[in-house]
There are 2 protein chains.
Amino acid sequence: MGASLKDVAALAGVSVKTVSNVVNGYTYVAPHTREKVEQALAELEYRPNLSARNLRRGRTGVIALALPELDAPYFAELSRFVIDAAVERGWTVLIDQTDGLADREREVLQGIREQLIDGLIFSPITVGREELAARTDSTPMVLLGERIMDGPTHHVAIDNQRAAREMTEHLISLGHTRIGAIGAQENPSANTAHLRLAGYRQALEAAGLPYDERLAPPTASYHRADGAAVMRRLLELDEPPQAVFCFNDLLALGALRTALTSGLRVPDDLALAGFDDIEDGRYSTPTLTTISPDKAHIARTAVELLDARISGSGRGGRPAEDDGQREVEADYRLIVRESTVRP
Amino acid sequence: MGASLKDVAALAGVSVKTVSNVVNGYTYVAPHTREKVEQALAELEYRPNLSARNLRRGRTGVIALALPELDAPYFAELSRFVIDAAVERGWTVLIDQTDGLADREREVLQGIREQLIDGLIFSPITVGREELAARTDSTPMVLLGERIMDGPTHHVAIDNQRAAREMTEHLISLGHTRIGAIGAQENPSANTAHLRLAGYRQALEAAGLPYDERLAPPTASYHRADGAAVMRRLLELDEPPQAVFCFNDLLALGALRTALTSGLRVPDDLALAGFDDIEDGRYSTPTLTTISPDKAHIARTAVELLDARISGSGRGGRPAEDDGQREVEADYRLIVRESTVRP
DNA sequence: TTGAAAGCGCTAACAA
DNA sequence: TTGTTAGCGCTTTCAA
């Protein structure tokens with residue numbers, strides 16, 4: 001182990017408290033003393049032991065970011081922003097990968113790393129409202145990307161349903177009447193998927209178009225392979241769709257690959273739209289029409305909400321009323337690119 | 001704060017030590033006692049305070065993964081494997097994003113989070129051999145993706161130079177004689193770039209082809225935008241290349257976009273190859289010929305090496321000879337896809 | 001098989 | 001302005 005405060009104090013010929021004062025930047029240290037201490041600090045290459053400090057302070061300065069998969073571009077991009085925002089506030093971020101598995105998500109909720117983290121930013125996939133409500137762990141938490149009304153916790157998300165409706169309306173406005181959807185989920189607690197499907201159906205209904213279940217088959221997950229596979233099925237239909245709204249960009253990229261290799265021209269023979277605005281879709285050919293959630297905003301807001309909760313939960317922190325459950329709606333934009341409209 | 005060992009001991013009517021024994025799964029606890037304790041544990045919802053445990057044990061169970069950007073697909077994919085491997089060994093992983101900035105990389109080397117982490121897996125971009133050698137922080141470290149010979153630390157990487165040579169040979173074998181490269185770096189410590197460039201040149205030389213600097217212009221970084229921009233410049237040359245080897249897949253995807261929008265057919269008019277085998281390149285049209293490093297192997301090996309170092313550095317750990325500097329060469333494969341050879 | 005008590009390194013209340 | 005000291009929750013000798 002490295003040098004401790006005691007070692008430094010001994011070398012500098014002062015008390016532990018004085019060293020601590022210098023280390024923590026307190027005022028009221030005589031210049032001469034300060035200098036002596038700093039010399040000793042440097043000589044011994046002193047590094048505070050964070051475990052000890054945390055134990056004493058009751059805080060660790062670490063928050064967890066729990067998400068399904070780090071290698072899904074949407075989450076990778078989001079993580080970058082969350083980490084940036086957290087670091088700006090002096091926090092360290094550790095990652096919990098749940099793979100979207102119900103068990104792991106439940107573990108996260110019950111606090112596997114309680115006492116090691118001051119707070120948690122959680123992007124769930126499978127756990128539903130009941131499980132969130134049943135949470136006993138008291139670690140401050142902020143939910144991401146879900147929109148469970150009356151949920152017991154803070155959360156930040158875009159209006160998925162409205163965004164999905166807008167995208168579908170965009171496809172309708174191009175004159176398409178047979179519009180498919182890729183990304184429906186069979187798991188009833190897959191909230192995001194349900195909201196996007198609801199928005200899709202809403203738009204169809206408003207336009208007087210029928211909802212055809214065969215045009216919106218469920219997918220196993222949200223990867224490129226799923227999009228490619230389901231697209232193949234859609235193309236085998238007697239009446240294939242003229243346009244397809246994919247519930248995320250990965251699905252859309254997979255579907256695009258299938259469409260192109262099937263000899264279809266996009267958007268001429270088939271219009272394709274995605275959701276998430278990951279970078280891939282800005283460089284694919286054709287580029288991808290998509291919904292672009294303001295990821296930086298989402299990340300920043302989540303970190304701020306968590307900060308407020310953590311500060312509020314300490315003794316002598318902010319008033320309790322500030323700690324009420326709060327929902328923040330993040331911005332998004334519909335971005336039209338080449339996959340739906342030839343430039 | 002939650003319940004402490006003391007609280008549990010009081011409730012169960014036993015000593016702290018006994019509770020500790022139960023919690024840590026020691027043998028030699030009378031069944032009856034154990035039961036009592038477990039009941040108290042459950043009733044109070046006891047959770048060990050990790051800060052205290054770490055302070056006492058001198059270990060935190062946390063390792064840091066320091067990398068340039070979490071949102072670059074190669075690093076996102078690698079992170080997923082590193083985290084998987086680490087969690088398997090009971091470790092928690094925290095992320096340090098350096099953005100490839102020299103200052104931040106230096107901070108990582110000097111141990112910003114020393115005492116919070118037991119070890120460090122570091123994927124550097126700009127720091128060179130001298131800086132690695134000058135490191136004073138004693139936290140066990142494993143380097144990733146660099147191949148600095150005689151470096152002072154363990155590291156695991158593929159043979160970048162050989163892989164680059166093989167890829168260039170592949171392009172030559174297709175009959176191309178005017179072969180460009182995208183991804184050279186002006187920063188002299190950008191090791192990976194230099195190794196790939198060296199492999200490229202080696203192959204040219206072996207085939208008796210001239211090395212033309214104009215065909216291998218430097219890029220600012222390794223993103224899609226860089227590949228797209230440099231490709232435009234290459235196409236403006238009097239004699240544009242017939243094939244281009246990009247030093248990573250992102251560059252290749254950017255270059256592909258430029259080529260396609262310029263009306264070129266790939267691979268007929270221009271063959272394109274990448275490096276890294278990120279998932280995007282498996283679904284682009286055309287799919288991307290690339291070098292596929294065994295990421296899972298790299299991640300697992302890095303975690304194992306780190307584990308050995310950490311275990312070895314403790315008092316009474318393994319012998320020091322086991323802790324010597326070690327280089328591990330990971331496997332890779334050349335994967336030929338549509339961007340160089342029409343199927 | 002269980003208990004008492006020391007001490008990991010740090011912070012902070014209290015004293016001087 | 002600086003020093004003394006208790007104690008955060010845990011593990012771990014040493015005794016019983």
Side-chain angles (χ1 to χ4, degrees), chain A residues 1-38 40-41 44-62 111 113-118 314-316, chain B residues 1-38 40-41 44-62 111 113-118 138-139 314-316:
Chain A
M1 259 196 203
S4 72
L5 278 189
K6 211 166 125 189
D7 301 330
V8 178
L11 180 61
V14 297
S15 81
V16 186
K17 172 69 164 112
T18 303
V19 182
S20 173
N21 282 342
V22 172
V23 169
N24 291 293
Y26 289 142
T27 37
Y28 307 133
V29 179
H32 175 64
T33 317
R34 179 181 297 275
E35 198 174 331
K36 264 195 316 189
V37 172
E38 274 169 352
L41 244 23
L44 295 174
E45 293 187 338
Y46 172 79
R47 305 277 182 146
N49 180 315
L50 296 188
S51 291
R53 178 177 282 176
N54 295 341
L55 174 58
R56 187 59 234 224
R57 287 191 179 160
R59 291 273 181 86
T60 63
V62 177
R113 307 200 201 293
E114 196 189 7
Q115 313 260 25
L116 177 61
I117 57 173
D118 292 339
R315 6 172 182 195
Chain B
M1 260 195 203
S4 73
L5 277 188
K6 211 167 123 188
D7 301 330
V8 178
L11 180 61
V14 298
S15 81
V16 180
K17 172 66 163 109
T18 304
V19 181
S20 174
N21 282 342
V22 173
V23 169
N24 292 294
Y26 287 142
T27 36
Y28 306 133
V29 179
H32 175 64
T33 316
R34 179 182 296 277
E35 197 174 332
K36 264 195 318 188
V37 172
E38 274 170 350
L41 244 23
L44 295 174
E45 294 187 338
Y46 172 78
R47 306 278 184 144
N49 180 317
L50 296 187
S51 292
R53 177 176 285 175
N54 296 340
L55 173 58
R56 186 59 235 225
R57 288 190 179 162
R59 292 271 183 88
T60 64
V62 177
R113 306 200 202 294
E114 195 189 9
Q115 313 259 21
L116 177 60
I117 56 173
D118 292 339
S138 61
T139 308
R315 2 168 187 199

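Chain letters run A, B, ... following the sequence lines, proteins first, then strands; residues in each count from 1.
Atom CD of Glu35(A) and atom P of dT2(D) are 13 Å apart (whole Å). Distance, Leu44(A) CG to dG9(C) P: 13 Å, rounded to whole Å. Straight-line distance from the CG atom of Leu116(B) to the C1' atom of dC10(C): 15 Å, rounded to whole Å. Atoms CG (Asn54(A)) and C1' (dG9(D)) sit 13 Å apart, rounded to a whole Å. With rounding to whole Å, Lys6(A) atom NZ is found 9 Å from dG7(C) atom P. As rounded to whole Å, 13 Å separates atom P of dC8(C) from atom CG of Leu5(A). Going from atom CG of Leu55(A) over to atom C1' of dT11(D) covers 13 Å, rounded to whole Å. Put simply, CG on Asn21(B) is 14 Å from P on dA4(C), counting in whole angstrom units.
Nearest nucleotide to the side chain of Ala52(B), out of dG9(D), dT2(C), dC10(C): dG9(D). Side-chain proximity of Ala30(A) to dG9(C), dT2(D), dT2(C): nearest is dT2(D).
Note that NZ of Lys17(B) and CG of Asn24(B) are 8.5 Å apart. Values are rounded to the nearest 0.5 Å. Rounded to the nearest 0.5 Å, atoms OH (Tyr46(A)) and CG (Asp7(A)) are 9.5 Å apart. Here the CG-CG distance, from Leu55(A) to Leu50(A), works out to 12.0 Å after rounding to the nearest 0.5 Å. Atom OG of Ser20(A) and atom CZ of Arg53(A) lie 8.0 Å apart (nearest 0.5 Å). Separating the CG atom in Asp118(B) from the CZ atom in Arg59(B) is a distance of 6.0 Å, to the nearest 0.5 Å. Between Lys36(B) atom NZ and Arg34(B) atom CZ the span is 13.0 Å, to the nearest 0.5 Å.
Within the nucleic acid shown, Ser51(A) has no heavy atom closer than 4.0 Å to any nucleic acid atom.
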Identify each atom pair where a protein N or O and an N or O of nucleotides 12-16 of chain C are less than 3.5 Å apart, giving names and distance.
residue, atom, partner, partner atom, Å
dA12(C), OP2, Tyr26(A), OH, 3.2

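Axis deviation across the helix from dT1(C)-dA16(D) to dA16(C)-dT1(D) amounts to 40°, comparing end segments of five pairs, rounded to 10 degrees.
Ser4(A) has no side-chain polar atom (N or O) that falls below the 4.0 Å cut-off from OP1 or OP2 of dG9(C). Phosphate contact (OP1/OP2 of dT11(C), side-chain N/O of Arg53(A), threshold under 4.0 Å): present. The shortest distance between the side-chain N/O atoms of Asn24(B) and the OP1/OP2 oxygens of dT11(D) is below 4.0 Å. Between Thr18(B) and dT2(C) there is no side-chain N or O to OP1 or OP2 distance below 4.0 Å.
Across Ser51(A) and Thr60(B), no two heavy atoms sit closer than the pair OG-CG2, 3.9 Å.
With sequence neighbours excluded, the residues that form a side-chain hydrogen bond (donor to acceptor under 3.5 Å, both in side chains) with Ser15(B) are Thr18(B).
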Exercise for the section: Determine, step by step, whether Val62(B) and Leu116(A) satisfy the side chain to side chain contact (heavy atoms under 4.5 Å, CB included) criterion, reporting the C-alpha distance in whole Å, the side-chain angles of both residues, the deciding distance to 0.1 Å, and the verdict. Expected result: CA-CA 10 Å; Val62(B) 177; Leu116(A) 177 61; 3.9 Å; yes

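Side-chain atoms of Arg47(B) never come within 3.5 Å of backbone atoms of Ala3(B) as a donor-acceptor pair (strictly under, hydrogens ignored).
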